[in-house]
Amino acid sequence: MDKIFLLVISLFTVAATANESLRAADRPPNLVVILIDDLGWRDLGCYGSTFYETPHIDRLADEGMRFTAAYSAAPVCSPTRASLMTGKSPARLGFSGHITAVRKYRHPADSLILPPRDHMRLQLEEVTIAEALKPAGYVSASIGKWHLGPEHYWPRDQGFDVNVAGWTNGSPPSHFFPYQNAERDWNPAIPTMQGGKPGEYLTDRLTDEAIEFVRQNHAQPFFLYLTHYAVHAPLEAQKPLIQKYREKLKTNRSQKNAVYAAMIEAVDRGVGRLFQTLQDLKLEENTVVIFFSDNGGHASSTSNAPLRGSKQDLYEGGIRVPLIVKWPGHIPAGATCDESVISHDLLPTILDLAERPDLLPADLDGVSLKPLLTGDEKLPPRTLYWYYPLYARRPGSVVLDGPWKMIEHYDPPQVELYNLAEDLSETNDLAAKMPDRVGQMRQQLQEWLKSSGAILHTPNPNARKQ
């Protein structure tokens with residue numbers, strides 16, 4: 001009798017699980033975007049690092065598609081994040097530089113140009129991914145860094161149902177509870193994250209919050225925007241991991257910072273925990289996961305070699321970033337894609353994968369990457385543009401047309417031209433040898449700036465003499 005009872009219960013459980021899986025398959029896919037702050041193009045094992053250890057993210061690449069020529073829309077965080085959220089270039093958004101609490105228009109007194117007086121925030125009338133998905137029945141959460149405007153421009157004001165740790169500032173006072181730094185009284189504790197306990201590490205806490213959101217909302221389609229403050233400064237990590245990489249530096253000198261390496265591993269462990277939750281809840285097969293970085297690695301933290309430059313640069317080291325997309329049964333496992341794509345492609349891609357292109361906002365600069373992801377076809381040829389007239393390093397613009405990359409610097413004025421197919425490290429400037437191509441690409445740039453309605457920089461009346 002007991003055996004019969006157990007058999008009935010077992011059959012009931014199997015049937016219930018099958019029905020749940022069927023219901024999950026019938027509904028739109030869940031959407032998870034994992035955004036890492038300042039993670040360089042070569043900072044993952046699957047992108048060639050022999051120093052950093054990222055087995056869970058590497059597994060994501062093994063089970064999905066890895067892009068080799070993905071770009072952030074700016075060499076700093078805020079404009080890229082705005083482009084990701086809206087499908088529009090920072091130039092069209094009037095949001096070309098990252099927001100800071102002080103000196104937001106910083107430039108030398110005798111600079112040749114004055115940075116544009118643009119919005120320095122994501123305007124409320126722009127349609128975000130969360131707002132676009134709402135009519136399709138998605139519940140959404142922004143967990144982690146936001147950095148797209150002051151209070152009243154935070155995630156809950158931009159369509160998200162849940163906001164944990166997203167606010168004005170772009171870096172935490174500390175990565176350890178209580179997330180304060182006595183030496184930085186201008187940088188208070190994160191106001192949108194309550195609770196915590198001594199010894200708590202921010203990357204782990206944000207992962208906990210993401211897992212809890214998934215557990216609470218797994219019965220309906222959800223959009224999780226998990227945007228870690230790591231690996232942005234201040235560089236802080238758990239001591240055992242730091243010691244691990246200090247030992248590794250004794251025999252592997254391909255990188256230089258044990259704390260930064262420990263932060264990367266902490267992120268990777270969190271990614272693994274989130275993936276395990278999706279598996280436990282039988283959500284993995286119907287969940288799209290997108291892994292991305294908001295700009296290149298910082299020169300003080302990591303080496304971007306063979307790429308030239310780093311965060312804040314318009315060279316490849318500042319704007320070429322990791323991008324991995326996984327959706328079992330829809331995206332081929334272990335695939336790579338060499339086509340050039342950019343952060344504002346993510347919104348149209350997400351809506352296309354959710355089979356709701358009808359919800360696309362108007363005037364987008366990005367395009368859906370679904371044809372690439374499913375292996376159906378290539379994208380039509382297109383030109384990519386960057387407008388970064390800020391003095392974080394050197395103000396300028398970029399045109400990327402096929403393998404040809406032109407950088408127009410504004411201060412001091414200079415034009416550079418590279419063939420990335422032959423010179424990924426940007427060491428051989430061809431501008432003097434190919435004036436016609438330079439002239440054509442400068443004309444393309446001017447036409448794009450005009451069509452996008454960019455708020456432009458202006459001459460500085462107090463500029464130094466040339």
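Side chains are part of it too, since the values below use all heavy atoms of this structure and drop only hydrogens, waters and symmetry mates.
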Using every non-hydrogen atom in the two residues, find where [X] and [Y] come nearest and quote the distance to one decimal.
X: Leu417; Y: Ala431; value: CB-N, 3.7 Å
X: Ser254; Y: Thr50; value: OG-OG1, 3.5 Å
X: Val271; Y: Phe291; value: CG2-CE1, 4.4 Å
X: Leu206; Y: Ala165; value: CD2-CB, 3.8 Å
X: Lys145; Y: Cys77; value: NZ-SG, 3.4 Å
X: Pro155; Y: Gly166; value: CD-O, 4.1 Å

### Query
Does Glu355 CD have over 12 foreign heavy atoms under 6.0 Å away?
no

### Task
List the steps and the verdict of side chain to side chain contact (heavy atoms under 4.5 Å, CB included) for Leu373 and Trp327.
CA-CA 9 Å; Leu373 293 169; Trp327 189 12; over 6 Å; no

Can you find a pair of side-chain heavy atoms, one from [X] and one from [Y], that are under 4.5 Å apart?
X: Gln158; Y: Met85; answer: no
X: Leu390; Y: Ser96; answer: yes
X: Leu35; Y: Tyr225; answer: yes
X: Leu112; Y: Arg464; answer: yes
X: Tyr385; Y: Gln444; answer: yes
X: Tyr52; Y: Glu265; answer: no
X: Leu224; Y: Ile143; answer: yes
X: Leu379; Y: Leu372; answer: yes

### Task
May I have the step-by-step check of side chain to side chain contact (heavy atoms under 4.5 Å, CB included) for Trp146 and Asn169, ending in yes or no?
CA-CA 8 Å; Trp146 182 245; Asn169 289 31; over 6 Å; no

Rounded distance (nearest 0.5 Å) linking atom [atom1] of [X] with atom [atom2] of [Y]:
X: Leu353; Y: Ile290; atom1: CG; atom2: CD1; answer: 6.5 Å
X: Asp352; Y: Leu347; atom1: CG; atom2: CG; answer: 11.0 Å
X: Met441; Y: Met406; atom1: CE; atom2: CE; answer: 6.0 Å
X: Leu307; Y: Asp313; atom1: CG; atom2: CG; answer: 11.0 Å
X: Arg393; Y: Leu314; atom1: CZ; atom2: CG; answer: 10.5 Å
X: Phe292; Y: Tyr71; atom1: CZ; atom2: OH; answer: 11.5 Å

Can you confirm whether the side chains of [X] and [Y] place a donor and an acceptor under 3.5 Å from each other?
X: Arg308; Y: Tyr418; value: yes
X: Tyr315; Y: Glu416; value: yes
X: Thr80; Y: Asp294; value: no
X: Thr227; Y: Arg81; value: yes
X: Ser397; Y: Tyr410; value: yes
X: His98; Y: Tyr388; value: no
X: Ser49; Y: Asp43; value: no
X: Ser83; Y: Ser343; value: yes
X: Thr68; Y: Asp338; value: yes
X: Asp110; Y: Asn460; value: no
X: Asn257; Y: Tyr245; value: no
X: Gln255; Y: Thr302; value: yes
X: Thr54; Y: Asp268; value: no
X: Ser89; Y: Trp448; value: no

Salt-bridged, [X] to [Y], with N to O below 4.0 Å?
X: Glu426; Y: Lys405; answer: yes
X: Asp161; Y: Lys134; answer: yes
X: Lys326; Y: Glu284; answer: yes
X: Asp58; Y: Arg66; answer: no
X: Arg442; Y: Glu408; answer: yes

Counting only N and O atoms by type, is there a donor-acceptor contact under 3.5 Å from the side chain of [X] to the main-chain atoms of [Y]?
X: Thr86; Y: Val127; value: no
X: Trp41; Y: Gly297; value: no
X: His228; Y: Ala230; value: no
X: Asn217; Y: Phe213; value: yes
X: His409; Y: Arg394; value: no
X: Glu236; Y: His175; value: yes
X: Thr128; Y: Glu131; value: yes
X: Ser310; Y: Gly318; value: no
X: Asp423; Y: Leu420; value: no
X: Ser425; Y: Thr427; value: no

### Query
Where does the angle between the aromatic ring planes of Tyr391 and His107 fall among parallel (under 30°), tilted (30 to 60°) and perpendicular (over 60°)?
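Correct class here is tilted.
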
### Message
Here's one to test your reading of the geometry: is the NZ or CZ of Arg42 within 45 degrees of the ring axis of Tyr47 and under 6.0 Å from its centre?
### Response
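No cation-pi geometry.
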
### Task
Would you please test Ser340 and Leu400 for side chain to side chain contact (heavy atoms under 4.5 Å, CB included) and show each step?
CA-CA 9 Å; Ser340 296; Leu400 180 62; 3.9 Å; yes

#### Entry: Residue of the set Asp38, Asn304, Asp37 for which side chain to side chain donor-acceptor pair (under 3.5 Å) holds with Lys311
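The residue from Asp38, Asn304, Asp37 that satisfies side chain to side chain donor-acceptor pair (under 3.5 Å) with Lys311 turns out to be Asp38.
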
### Task
Assess whether side chain to side chain contact (heavy atoms under 4.5 Å, CB included) is satisfied between Arg156 and Thr192, documenting all intermediate values.
CA-CA 11 Å; Arg156 292 292 299 275; Thr192 51; over 6 Å; no

### Query
Is the centre of the Phe160 ring less than 6.0 Å from the centre of the Trp154 ring?
no

